[in-house]
Number of protein chains: 2
Amino acid sequence: MSLYSPLEDRQLLAVDCVIYGFDNHELKLLLIKRNMEPGKGMWSLMGGFSKQNEGLYQAAERVLKQLTGLQNVYLEQLFAYGDVDRDPGERVVSVAYYSLIKIEDYDKDLVKENNAHWRPVSDIPDLVFDHREMVDKALKRLRRRARIQPIGFELLPEKFTMPQLQSLYEAIYQKDLDKRNFCKKIISMDLLDKLDEKDKSSSKKGAFLYRFNPEKYQELVSKGFYFSVDV
Amino acid sequence: MSLYSPLEDRQLLAVDCVIYGFDNHELKLLLIKRNMEPGKGMWSLMGGFSKQNEGLYQAAERVLKQLTGLQNVYLEQLFAYGDVDRDPGERVVSVAYYSLIKIEDYDKDLVKENNAHWRPVSDIPDLVFDHREMVDKALKRLRRRARIQPIGFELLPEKFTMPQLQSLYEAIYQKDLDKRNFCKKIISMDLLDKLDEKDKSSSKKGAFLYRFNPEKYQELVSKGFYFSVDV
DNA sequence: TATTTAAGTGTTAAAATTACACTTTAGTTT
DNA sequence: AAACTAAAGTGTAATTTTAACACTTAAATA
């Protein structure tokens with residue numbers, strides 16, 4: 001028996017995931033073309049109901065894994081959407097999360113099964129319910145976060161080049177950056193290990209590969225360091 | 001009948017409010033000394049259950065009004081807390097909100113009825129459940145927001161002096177600020193109307209009163225202006 | 001009228017940000 | 001093998017922003 005409140009106050013709780021990827025040119029979202037009601041045929045975020053015996057964050061992890069096969073990736077709560085009529089089916093409160101994944105890593109079969117597709121953030125189709133609001137808020141959040149926390153690396157492969165990193169920031173902020181200033185700033189923070197390898201996929205000369213060093217970052221943070229990229 | 005999911009997936013949803021006030025010296029929170037179970041005798045945030053026919057934000061507004069009598073004040077969603085065992089009574093997901101109120105305005109009788117008290121943020125007692133987490137996150141959020149959005153004014157009377165405003169920022173960031181630099185920066189943003197009145201309550205000379213001008217702010221924002229205070 | 005107390009005000013030095021263009025590398029073409 | 005191409009890599013100077021700092025003013029009170 002409940003300590004609290006009658007059955008009629010109990011509500012359906014869902015989680016929805018805004019999933020970001022970066023293909024070296026554009027920032028993209030993984031969206032579902034729904035083949036179930038409500039909103040059949042429309043685009044939506046991947047979502048699912050939150051279970052009684054599972055934390056909200058765990059529910060988001062489960063939903064993310066269901067679609068991408070990925071675990072232990074960047075996943076952060078965005079906002080709880082609780083307007084009475086947000087879902088035309090019935091009252092559902094949805095907690096949105098956003099995730100940053102390495103676009104090479106996801107499970108192609110699962111994505112196909114779920115009828116999901118990568119869509120550039122600059123060209124998001126109409127979405128069901130209030131999912132467009134979620135997407136807009138997620139983009140604002142990413143833009144706020146990415147300049148003050150080293151989360152951009154979550155969208156890049158383990159090893160990446162300076163031009164790749166710059167192009168990621170340019171994609172996030174839709175703004176051209178000066179490569180000298182950008183590189184200077186990034187290098188000066190001393191968070192990256194420069195490798196002896198080059199990536200030659202995008203130029204004859206090749207570009208040196210770098211790797212984000214989380215230990216260095218933690219070390220610096222404990223000394224009062226604040227990550228910051230000028231955009 | 002439900003389109004969706006069985007009854008056993010329905011959950012209790014609550015809202016909790018972190019309520020800030022500023023008494024010209026300290027930043028304070030309005031906390032409840034609970035006289036009901038669970039956690040009877042302990043301190044907690046003011047909260048309540050979210051109803052089926054009421055949006056989350058409306059639930060937070062209702063709870064805030066229940067305790068303070070106030071409506072149409074600054075109220076923003078903080079975070080949804082959804083760990084399975086966060087409430088020892090039973091599974092309850094709680095969406096925390098934080099509010100900034102003018103400390104003169106609240107309804108003293110309601111506060112007394114609810115057994116609530118103002119406590120300085122520098123001296124928060126032990127709190128029930130995960131309310132301490134909520135409080136900590138709220139303070140971080142306030143600190144992040146107050147330097148980039150003109151929300152400090154929500155904690156001050158309609159008319160306030162420059163020293164009052166400075167003292168508010170000093171209370172939020174627990175840091176002494178240089179009054180010349182502070183004043184210069186605030187004035188330079190051109191968001192305040194300087195009145196011909198002085199407040200003499202804290203000095204013989206008296207200090208000029210100012211008023212935040214939201215229209216000016218909106219006007220500037222539409223031209224690409226970003227509020228910012230150095231702390 | 002002398003004293004007290006908080007309000008009010010400007011300048012200079014340091015640091016951070018922005019603007020800007022040529023050289024290097026190595027594969028490809030002639 | 002020499003010339004060409006295309007992206008990577010690199011430094012300096014000007015500007016803007018931030019930080020540091022101390023005396024004068026106003027008005028009530030003694």
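The sequence lines fix the lettering, A, B, ..., with proteins before strands; numbering per chain opens at 1.
Residues passing the side-chain contact (heavy atoms from CB on, under 4.5 Å) test with A:K216 are A:D190, A:D193, A:N213, sequence neighbours excluded. Looking at residues two or more places apart in sequence or on another chain, you find a side-chain contact (heavy atoms from CB on, under 4.5 Å) between A:E61 and A:Y57, A:Q58, A:L75. Every residue two or more places apart in sequence or in another chain was checked for a ring pair (Phe, Tyr, Trp, His ring centres under 6.0 Å) with A:H25, and none qualifies. Partners of B:K102 according to the side-chain hydrogen bond (donor to acceptor under 3.5 Å, both in side chains) rule, which considers only residues two or more places apart in sequence or in another chain, do not exist here.
Side-chain polar atoms of B:Q166 and B:E170 form a donor-acceptor pair below 3.5 angstrom. Side chain to side chain, A:D16 and A:S94 meet the donor-acceptor criterion of an N or O pair below 3.5 Å.
Side-chain contact between A:K185 and A:S228: present, with at least one pair of heavy atoms (C-beta onward) separated by less than 4.5 Å.
Heavy-atom minimum distance, B:V111 versus B:Y106: CG2-CD1, 3.4 Å.
As rounded to whole Å, 10 Å separates atom C1' of D:dG9 from atom CZ of A:F208. Here the P atom of nucleotide D:dT10 and the CZ atom of A:F182 are 15 Å apart, to the nearest Å. Residue B:N24 contributes atom CG, which lies 11 Å from atom P of C:dA7 at whole-angstrom precision. Nucleotide D:dA7 holds its C1' atom 12 Å from the CG atom of A:D199, rounded to whole Å. We find that CG of A:L192 is positioned 16 Å from C1' of D:dG9, with the value rounded to whole Å. Taking atom CD of A:Q166 as the reference point, atom P of D:dA8 lies 9 Å away to the nearest angstrom. The distance from atom CD1 of A:I186 to atom P of C:dT17 is 12 Å, rounded to the nearest whole Å. A:I187 places its CD1 atom 12 Å from the P atom of D:dG11, with the value rounded to the nearest Å.
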Report, as a single string ordered 5' to 3', how protein heavy atoms within less than 4.0 Å touch nucleotides 20-29 of chain C: B base, S sugar-phosphate only, - not at all. BB--BBBB--
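Mapping A:S228 and B:C183 onto DNA chain C by nearest heavy atom places B:C183 at the nucleotide closer to the 5' end.
A distance-only check finds no donor-acceptor pair linking the side chain of A:Y74 to the backbone of A:F153 [under 3.5 Å].
Residues of residues 158-165 of chain A that place a heavy atom closer than 4.0 Å to DNA chain D, in numerical order, are A:P163.
The listed nucleotides are D:dT18, C:dT17, D:dT10; the one nearest the side chain of A:K194 is D:dT10.
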